[in-house]
Amino acid sequence: MSDMLTPVLTDNWGDERSWTIEAYEAQGGYRALSKALAMSQDDVIAAVKDSGLRGRGGAGFPTGMKWGFIPQDNPNPKYLVVNADESEPGTCKDIPLMMASPHTLIEGVIISAYAIRANHAFIYVRGEVLHVIRRLQHAVKEAYLAGHLGKNIHGSGHDLELVVHAGAGAYICGEETALLDSLEGRRGQPRLRPPFPAVAGLYASPTVINNVESIASVPSIIEHGPDWFSSMGTERSKGYGIFSLSGHVTNPGQFEAPLGITLRELIDLAGGMRNGHKLKFWTPGGSSTGILTDEHLDVPLDFEAVAEAGSMLGTRALQIFDETTCVVRATLRWTEFYKHESCGKCTPCREGTWWLVQSLAKLEKGEGTEADLDVVLDQCDNILGRSFCALADGAVGPITSSIQYFRDEYIAHLTHGGCPHDPAASTLFAPAGASA
Amino acid sequence: MNPTEPSEGRASDRGVQKHVLNRIDDKTVGELREIAARYPHKRSGLLPMLHLVQSAQGRITPEGIETCAEILELTSAEVSGVATFYTMYKRRPVGDFHVGVCVNTLCAVMGGDEIYDRLSEHLGCGNDETAERREGDTATVSLERIECNAACDYAPVAMVNWEFMDNQTPQSAKDLVDDLRAGKEVHSTRGPRLVTWREAERVIAGFNDDLANEGPSAGPASLVGRNIARERGWTAPGVPASNEQKGEGE
Amino acid sequence: MSTPGSTPRTGEVVATDQVTLTIDGITTSAPKGTLVIRAAEEIGIQIPRFCDHPLLKPVGACRQCLVEVAMPGPNGELRTMQGPPGRMKPQPSCTLVATEGMEVKTQLTSEGADKAQQGQMEFLLINHPLDCPVCDKGGECPLQNQAMSNGRGESRFSAQGMVKRTFPKPINISPQILLDRERCIVCQRCTRFADEIAGDSFIALVERGARQQIGIGPDAPFLSYFAGNTIQICPVGALTSEDYRFRSRPFDLVSTPSIAEHDACGAAIRVDHRRGKVMRRLAGDDPEVNEEWITDKDRFGFSYTRSDERLTYPQVRDEETGELRPASWPEAFVVAARGLAAAGASGVLTGGRVTAEDAYAYSKFARVALGTNDIDFRARQHTGEEASFLAAHVAMTAPYTGGVTYSDLEQAGVVVLAGFEPEDEAGTIFLRLRKAVMQHGTRVVAVAPYTTRGLRKLNGRLVATAPGEEGDALSALAGDSEAGLDASSVIMVGERLATTPGALAAVIDLAATTGARLAWVPRRAGDRGALDAGCLPNLLPGGRPVADAGARVDVAAAWGVAQLPETPGRDGNAIVAALMSGKLGGVVVGGVDPDDTPDPAAFRAALAAASFVVALEQRETDVTRAADVVFPVAPVTDKPGTFVTWDGRARQFEAVMTNPASLPDLRTLSGIAQEMGRPLGWRTTDEVRAELLQLGAWDGARAPFDAGKAPKVAKAPKRGALRLVTWKQLVDDGTLQSGDVHYRATARPAVVRLSQTDFDALGSFTTEAADGRPVAMVTVTGDRGSVTLPAEVADLPVGTVWVPARSFGRGVLADLASPGSSVVVKGEK
Ligand SMILES: Cc1cc2nc3c(=O)[nH]c(=O)nc-3n(C[C@H](O)[C@H](O)[C@H](O)COP(=O)(O)O)c2cc1C
Ligand code: SF4
Ligand code: FES
């Protein structure tokens, strides 16, 4: 049984000038790189496979298996792309990681690129995080100077060029094929699959795309071994992960813990709900994962248990809302987000979110009838699983789950002729003790 | 512009002659080419190139679109398609300091809506607008409703030129813009002193400004779990607790 | 093929290139790689769709074609495709490849698929305006039709009082094409066409989400030669043309299939007309020829047929006043017959618009009525070497005799273009070549003066040649390993190659040494038919050499005449010279624009010098003004006919409408011949067709190629002079394009192109255009005049200058100089 919190990635975040190569190397950084370069590439892939690491970007696909899909007999160059677009509402782990310890990611990139035989890697970071971009650019420069990047890295015969590439404001570019189009200088719209990126990704060449946290976890797996990693977590959700608590808790922040920790434990660590308020609803992994309620406080936060509870572990972005929050307002705002971020390629997402926003806005204002709720659910039914990519699936998640758990509150808006909540009560700066 | 550029050429294949209002200077053209050369396929440079156009011209201009198109051998329609897809590309000039208030659900609920409303009132401008420059102002400020900026543990969040301004209140936000307009030095809560929007766009385009070493390693919220672990001696299995010897950060 | 209800027997060996699947319970097999939507079509099951287009790459954007799919799992049991967990996940049939054992249920048999489709249709309609009654597409609109068949009756969106997305009304994306963004369902058919087929990415998706729309670049309209196709494939009424907008309703139109008359490609078109007036033209669907695409010229260039600008009655020159006056047809026949008889020796000159039947009539008229071989269809620069080349290598070649075809271009490893710029001169070939390059990896090598936009879109390689150098460049290709010509290669020879002495000889050698096949591509629709009909001084109909006694006997017997003139006649140049010198007295001219002839001034002088001129024309021209008898002849809309394509396909078409004011050329010629007492033996197109069929092709030996006199060594241009090279741009001032204002506004600007070296030698002289943009204006002066145009630098050989042939004034031939000759270029300070 491991400790409740297991800081690995977050461990050095508080160190003096932790973003510099000196600070990183002083606490053991780049040791894993030397170890990896001494291993065969296939052994590195095997270690990651054996560790049970599953993608930390939301979908939870086994990372080692993804690397194994790269056809090594394909004559095209191989590419590694790090998904640092972090734009899923609630998700806020990759950004502090890259700000505090960009070298953890870079070390992971070098090892991962070595494993899949990529000589070119990209970090696609969302554009709206200036200081993170600075730190990444700076760290890449340091890594080149230290010989960790460039030609014949530490005599291994392996070459690697790493480019930090900033996006320009589009949530959809977190979706991996949209990200590739964006990285190719196009509109960030998802691609048809097949072919899958492993076969024809960036520049139609074999490409691995992994989340920042996934790649950043690789050095620790190489350093401590796959068994060490898989000793943490649950049966099928191995290892540690960063849990991001935000919202109505006393001390929101980042908590690195083995998968399987519960929300009850995390809220406790965060000092409880703020000012004695009660938990009302929460997202387990960003707004695209349907909401849960206080019934679910003890659901182990791993891929399987959260799915069983009817949602998804996603990015472990735990947005906590207390009883002052209007669930209809929250849902409407999320829907507005998806409408704003819909890339426009496919009909159900582009047109469906247009309609849903209007429907929910009416309901929030207390207009319409209960029958309109069923129309909303039917729209969701016509979107879910019908769209081109998973963005639209995410868009309907908050709606169907909130109607599932809080249908009465929707109806209360209709009977009340508007929202029964006081928005001021849910603000951070609400006077202590205020309540709805 | 080269008077002899081919009329059959991609970007310039048109029967309509264009106005040359905002000529892109040669240095910028050189830097645009430099960006394109960073990539195995030059078109990949387009997003950073458009950031550089904004840095040089204060927004995405037709000339910027055409120049990128020519360098990348694309049509200007293709470049326009890209430039209009992403929200960071602005068709109208923004202020020296572009203030984004996160109004995605969590921030909105935690006070972002209130902050945005108060700020909009205070500045007398709406979404994607620039506040009028008042007498004595040394800088202009523009306002935008932004989506989640990956700082939810610091809600409600504002961004200035894409630097974090964490844990805002309506008052702190108003003070912030007043300070900016008055030319006072303002620091990001997790970064350096704020640079102008154009300077920021240059960094985003890949031209670093040597400010990476400013600011803390991490903000306080980022360290909550790590600090608890240190206090309680929790570690990942087998990882020596030597960690405790290390400092507590900023 | 499919047998309803049958299931594949277990253990049955399945051919590796076929897969067997069931669709709505029907078992069918399809070639590997077939998309489900097409496999369904094959067995008559129509799945609704919008973004799907058989000639465009799949995108799966509209989600209208969703179907339920089950696949055999590892244990062979069928598993319905699911996701998000626990739910049937309908699949877009337009992107899904049919695989072995797949079970597909469409809207016909799956409630889930039907609901999914209804749902998408509802979404598509929420923001679509309800303006079908005023929409050009109304009545032929896939959205309208499929909404009826696969949508729900009333809109829940409007029942809820929701707000539609609006855009300000239509915007011009080119001088011709308007975009109504409210109607657009962003299926991307137009942008994919522009990108994938035409290579003109001048339209693109812009903005995103619900505001996503089709857009152009700043000040960069959709100026593609093929833009009109987007209007046709738009599944809603979002794209319309200035020409046709609001002109008529589909159900008021009568549609007649026809063949485009603007080039030698033979594109299938559909002519839509109402009350004797052509309202619009659309691309026909012919997989062997133009697939589903046509050029904008084929689509929009038809107002010349409008009868209000046409000659509507015969005219004869009044003996007293010397002016042309109206005459009856019989009178005109008589006057023409007498005049020609009195004129003595006469020749025949025909232009490029004549149909194969009309060409045959001219050919027979010359031989039988005038007793001469003085006939030439080449109303352009031409040589004896070319006439010999055409007789030896081109006449009567056809797909069924092993000639090069459109599909051969797709299979070709290398295609050499010589004296031929397909995008400007044969748009349908250009599109097929681009397909060959994009989909089959064909390599294109152009022996041309510079890398044109068209060549760039073909990823082609330029072998840069100055006028006169083409022959040597072609000869050198034989040993060029980078070009790698072999038996799978095709050499496409344009009519312009004839202007370089020895070039055609070089082409023949190149083909012989490499095994590459030859194809000759004239610019005009009638030229191949005229060649096969014997409108040449050295050829009789069916490719029969005049010089071959057997051939002459053959034809004379068929025509029932005692004998035919024996000596090869004069070609076009010689006819003009003979008229000037008085060796010829009369001339019959059909469809020749003087400004297209090698020396327009000489041509006009010859008309003036001739003692008797008979003109067969559709509209008043310098020829009719000089003529003694003028016959109003019918344009292609008003008569049946045939155009023989560059690849030797006879493309028959019927009259679109009847118009008694004019007659086909063949009827006119038969009338004159009758009065001359030398009847031609027929009066109708059908009768001519029957005679042609009976006559058939020559089965004797072809006349051997004779290059004629040793090629002149091209003189180096005088010091300070540049050698002129030119061709016609697709959209230009050609006669058959007059009156099409919006279409003409899409023309590429007329510019002068020259090398950087020659440009720099002009010194600095940049001037400001009216809008403040710098332009370099230059004046090009030749022995026939001069022109001032903007200059552009291109990769031309030093000492060469390119000017568009028919994009200013009366064009290069009339107003500048003869192609290949020396001109002087000066900068305008
Ligand atoms: C709409 C959408 C947005 C996404 N955004 C992100 C993102 O910001 N960061 C990320 O790592 N993955 C994101 N993903 C998931 C990626 O598509 C992909 O699964 C992931 O990058 C794979 O990396 P992993 O296997 O390491 O998790 C998103 C997916 C969708 C559908
Ligand atoms: S679901 Fe469709 S419109 Fe939405 S982001 Fe994905 S592809 Fe674009
Ligand atoms: S026709 Fe299949 S998604 Fe559009």
Side-chain angles (χ1 to χ4, degrees), chain A residues 2-8 10-11 13-16 18-19 86 89-92 95-96 99-100 120 127-131 133-135 137-138 163 166 168-170 183-188 203 228 231 240 244 246-247 251-256 269 319 325 330 333-334 337 426-429, chain B residues 38 40-41 43-48 50 81-82 85-89 104-106 108-111 113-114 147-153 155-156 159 161-163 169 188 190-191 200 203-204 208 211-212 215 217-218 221-226 228-229 234-238 243 246-249:
Chain A
S2 36
D3 291 338
M4 186 171 286
L5 292 178
T6 50
V8 177
T10 56
D11 192 45
W13 287 9
D15 293 359
E16 193 68 39
S18 62
W19 64 87
E86 191 159 71
T91 310
C92 48
I95 291 301
M99 174 111 92
H120 234 115
E128 305 103 318
V129 287
L130 180 57
H131 205 44
I133 293 169
R134 274 198 196 98
R135 291 237 166 117
Q137 290 169 346
H138 180 258
V163 176
L183 182 52
E184 288 183 5
R186 299 165 201 279
R187 298 159 62 77
Y203 313 130
W228 165 84
S231 73
Y240 57 82
S244 311
S246 58
N251 298 313
Q254 307 301 321
F255 300 83
E256 197 175 2
L269 290 168
Q319 305 177 85
T325 316
R333 188 56 59 87
W334 276 321
F337 164 77
S426 44
T427 61
L428 177 76
F429 34 84
Chain B
R38 283 181 206 151
H41 294 236
R43 182 171 180 165
S44 281
L46 182 52
L47 265 60
L50 289 170
V82 173
F85 185 84
Y86 299 94
T87 51
M88 288 177 79
Y89 299 134
N104 198 288
T105 307
L106 188 114
V109 164
M110 302 282 288
D113 276 354
E114 177 78 8
E147 299 295 1
C148 181
N149 221 97
C152 315
D153 43 350
M159 307 294 294
N161 295 342
W162 310 116
E163 299 275 27
T169 65
S188 153
R190 278 184 279 160
V203 176
I204 297 169
N208 207 291
L211 295 176
S217 297
S222 307
L223 299 174
V224 173
R226 172 233 186 227
I228 293 174
W234 288 341
T235 63
N243 286 337
K246 286 182 196 156
E248 282 295 289

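Proteins come first, then strands; the chains are lettered A, B, ... in the order of their sequence lines, and each starts at number 1.
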What residue, out of [options], has the most heavy-atom pairs lying under 4.5 Å from chain A?
options                               : value
B/Ser222, B/Gly45, B/Pro48            : B/Ser222
B/Leu106, B/Asn208, B/Asp113, B/Leu47 : B/Leu106
B/Ile228, B/Asn149, B/Thr105, B/Thr87 : B/Thr105
B/Val224, B/Val82, B/Val109, B/Leu46  : B/Val109
B/Ala151, B/Pro237, B/Gly191          : B/Pro237
B/Leu50, B/Leu211, B/Asn161, B/Thr169 : B/Leu211

Proximity breakdown for [X] and chain B, heavy-atom pairs closer than 4.5 Å:
X        : result
A/Val129 : both
A/Glu256 : neither
A/His120 : side chain
A/Ser244 : neither
A/Tyr240 : neither
A/Leu428 : both

Residue pair [X] / [Y]: nearest heavy atoms and the distance that separates them:
X        : Y        : answer
A/Ser246 : B/Asp153 : CB-N, 3.9 Å
B/Arg190 : A/His131 : O-CD2, 3.3 Å
A/Phe255 : B/Gly225 : CD2-CA, 3.6 Å
B/Tyr86  : A/Arg187 : OH-C, 3.7 Å
A/Phe429 : B/Pro156 : CE2-CG, 4.2 Å
A/Asp3   : B/Trp234 : OD2-CA, 3.1 Å

Quiz item: Short question: side chain of A/Ser18, backbone of B/Ser217 - any donor-acceptor pair under 3.5 Å?
Solution: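 Side chain of A/Ser18 to backbone of B/Ser217: no pair is present.
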Practice problem: Using atom types as modelled and distance alone, determine if a side-chain donor or acceptor of A/Gln137 lies under 3.5 Å from a backbone N or O of B/Ala212. | Solution: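 Side chain of A/Gln137 to backbone of B/Ala212, a donor-acceptor pair under 3.5 Å: no, none is there.
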Which of [options] touches chain B most, by non-hydrogen pairs under 4.5 Å:
options                                : result
A/Gln319, A/Arg186, A/Met4             : A/Arg186
A/Arg135, A/Glu128, A/Glu86            : A/Glu128
A/Ala166, A/Cys92, A/Ala100            : A/Cys92
A/Gly247, A/Gly185, A/Gly90, A/Ser426  : A/Gly185
A/Gly253, A/Ser231, A/Ala168, A/Gly169 : A/Ala168
A/Leu269, A/Asn251, A/Val8, A/Ile133   : A/Leu269

Using heavy-atom distances under 4.5 Å, tell me whether [X] contacts chain A through its side chain, its backbone, both, or neither.
X        : result
B/Met159 : side chain
B/Ala200 : both
B/Ala108 : both

Quiz item: Could you state the interatomic distance from OG1 (B/Thr235) to CG (A/Asp11), rounded to the nearest 0.5 Å?
Solution: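 One finds 9.0 Å between OG1 of B/Thr235 and CG of A/Asp11.
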Quiz prompt | From CZ (B/Arg226) to CH2 (A/Trp13), nearest 0.5 Å | solution =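 So the gap between those two atoms works out to 10.5 Å.
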Exercise. Measure the shortest side-chain to side-chain distance between B/Arg43 and A/Glu184 over non-hydrogen atoms and say whether it is less than 4.5 angstrom.
Key: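 No, their side chains stay 4.5 Å or more apart.
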